[in-house]
Amino acid sequence: MDDYIETMSKPSHRDRLLEVGLGVVHAQGWAGASVRDIVQAAGVPQGSFTNHFASKEAFALEVIDIYFARSRENIARTLRNDALPPLQRLRAFMDASRERVSANQMRNGCLLGNFTAEASWSSEPIRLRLLEIFAEVQAALAHCLRAAVKAGEVAPSLDCDEIAAFIVASMQGANLMCKAQRSTGPLERFKEVLFSTILRRIGTADIAA
């Protein structure tokens, strides 16, 4: 009985592999990070990985979900926080996203964008999961933009779904450029253009009409 209790009380290596493995994959890339790299960084036996994950792909899907869970927290605080003015929410969302990917002088970039570039061609489950995630972000952005229309912050003619899709794609592209340049400049430039030109121009055209 004592041996059974001792065995049951031993912590699983699963959470350790996911926590540390996320950092390894984010820093080294999906193709660059081997299973050996992950288990060595986690300080666990090689066999622990296969005990807990059917494949590297299955591990990747869980890592992606953990990473996105943190993004959901940002979305809840900003884009879907109806207590705040809509465009203030959008600014806060973009600022928080920039801060998150700016760690390590932008060397790691956005994990979702990295997987899109590296694994979406070779893994259909990863590609489909990424599409689901981007669709969820786009829906939250569209929700915020519709609130901005209702509040009179942007013109009634604003195509919220199209602009939301544009923001998702543009932020991912800007993230990649930030990673290449080791600077947050591309994200800051996109934010400035979005608010000072794109949203503002749409509103001005409607007023003139």
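With rounding to the nearest 0.5 angstrom, the NE2 atom of His26 is 4.5 Å from the CG atom of Asn108. The distance from the CD1 atom of Ile167 to the CE atom of Met94 is 6.5 Å, given to the nearest 0.5 Å. Atoms CD and CD1, from Gln28 and Ile38 in turn, are 8.5 Å apart once rounded to the nearest 0.5 Å. With rounding to the nearest 0.5 Å, the separation of OG in Ser97 from CG in Asn175 is 8.0 Å. Distance CG/Leu112 to OG/Ser71: 6.0 Å, rounded to 0.5 Å. Taken to the nearest 0.5 Å, the CD atom of Gln138 stands 12.0 Å off from the CG atom of Leu79.
With a 4.5 Å cut-off on side-chain heavy atoms, Val154 and Ile163 do not count as touching. By the 4.5 Å heavy-atom criterion applied to side chains, Gln40 and Gln46 are not counted as neighbours. By the 4.5 Å heavy-atom criterion applied to side chains, Arg80 and Cys144 are not counted as neighbours. Contact check for Asp161 versus Arg146: side-chain heavy atoms found under the 4.5 Å cut-off. In this structure, Pro45 and His13 have side chains that are in contact, with non-hydrogen atoms separated by less than 4.5 Å. Using a 4.5 Å heavy-atom threshold, the side chains of Arg107 and Lys179 count as separate. The shortest distance between side-chain heavy atoms of Phe195 and Leu90 falls below 4.5 Å.
Here the shortest heavy-atom pairing between Ile75 and Ala140 reads CG2-CB, 3.6 Å. Across all their heavy atoms, Ala148 and Leu87 have their closest contact at CB-CD2, 4.1 Å. Here the closest non-hydrogen pair linking Asn114 and Gly109 is ND2-C, 4.5 Å. When all heavy atoms of Ala58 and Ala54 are compared, the closest pair comes out as CB-N, 4.2 Å. Residues Glu118 and Ala31 share a closest heavy-atom pair of OE1-N, 3.0 Å. For the pair Gly113 and Gln172, the tightest heavy-atom approach, listed with the atom from each and the gap, is CA-OE1, 3.1 Å.
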Which is it for Glu124 and Arg129 under the side chain to side chain contact (heavy atoms under 4.5 Å, CB included) test, yes or no, and what are the steps along the way? CA-CA 9 Å; Glu124 187 68 1; Arg129 182 63 188 124; over 6 Å; no
Checking side chain to side chain contact (heavy atoms under 4.5 Å, CB included) for the pair Phe166/Ile198: CA distance, chi angles, key distance, verdict? CA-CA 11 Å; Phe166 167 74; Ile198 297 173; 3.4 Å; yes
Evaluate the criterion salt bridge (charged side-chain N to carboxylate O under 4.0 Å, His left out) for residue pair Arg14 and Glu62; output intermediate values, then yes/no. CA-CA 11 Å; Arg14 192 175 193 281; Glu62 294 205 41; 2.4 Å; yes
Mind running side chain to side chain contact (heavy atoms under 4.5 Å, CB included) on Phe93 and Arg77 for me, showing each step along the way? CA-CA 8 Å; Phe93 169 75; Arg77 287 192 304 267; over 6 Å; no
Output, in order, the C-alpha distance, side-chain angles, deciding distance and verdict of side chain to side chain donor-acceptor pair (under 3.5 Å) for Arg127 and Thr116. CA-CA 7 Å; Arg127 185 185 74 85; Thr116 300; over 6 Å; no
Run the side chain to side chain contact (heavy atoms under 4.5 Å, CB included) test on Thr78 and Asp95 for me, step by step, so that the C-alpha distance in whole Å, both residues' side-chain angles and the decisive distance to 0.1 Å come before the verdict. CA-CA 10 Å; Thr78 58; Asp95 288 342; over 6 Å; no
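Following chains of ILVMFWY side-chain contacts shorter than 4.5 Å, one can reach Val44 starting from Ile66, so the two form part of one hydrophobic cluster. Tracing side-chain contacts under 4.5 Å through hydrophobic residues (I, L, V, M, F, W, Y), one never reaches Ile126 starting from Leu176; they form parts of separate clusters. Under the 4.5 Å side-chain heavy-atom criterion for grouping Ile, Leu, Val, Met, Phe, Trp and Tyr, Leu131 is not connected to Leu141 through any hydrophobic cluster. Hydrophobic clustering (ILVMFWY, side-chain heavy atoms < 4.5 Å, transitive): Leu194 and Val149 are in one cluster. Residues Ile133 and Leu18 share a hydrophobic cluster, clusters being chains of Ile/Leu/Val/Met/Phe/Trp/Tyr side chains in contact below 4.5 Å.
Thr50 contributes a side-chain N or O that, together with a main-chain N or O of Gly47, makes up a donor-acceptor pair within less than 3.5 Å. The backbone N or O of Arg98 sits less than 3.5 Å from a side-chain atom of Ser102, completing a donor-acceptor pair.
Of the N and O atoms on the side chains of His143 and Asp82, at least one donor lies less than 3.5 Å from an acceptor on the other residue. A donor and an acceptor atom, one from each side chain of Asp37 and Ser34, are located under 3.5 Å apart. Arg16 and Ser48 form no side-chain donor-acceptor contact under 3.5 Å, judged by distance and modelled atom types alone.
The aromatic rings of Phe49 and Phe59 lie tilted to each other, with the angle between the two planes from 30° to 60°.
Geometrically, Arg100 engages Tyr67 in a cation-pi contact, judged by NZ or CZ lying under 6.0 Å from the ring centre and within 45° of the ring axis.
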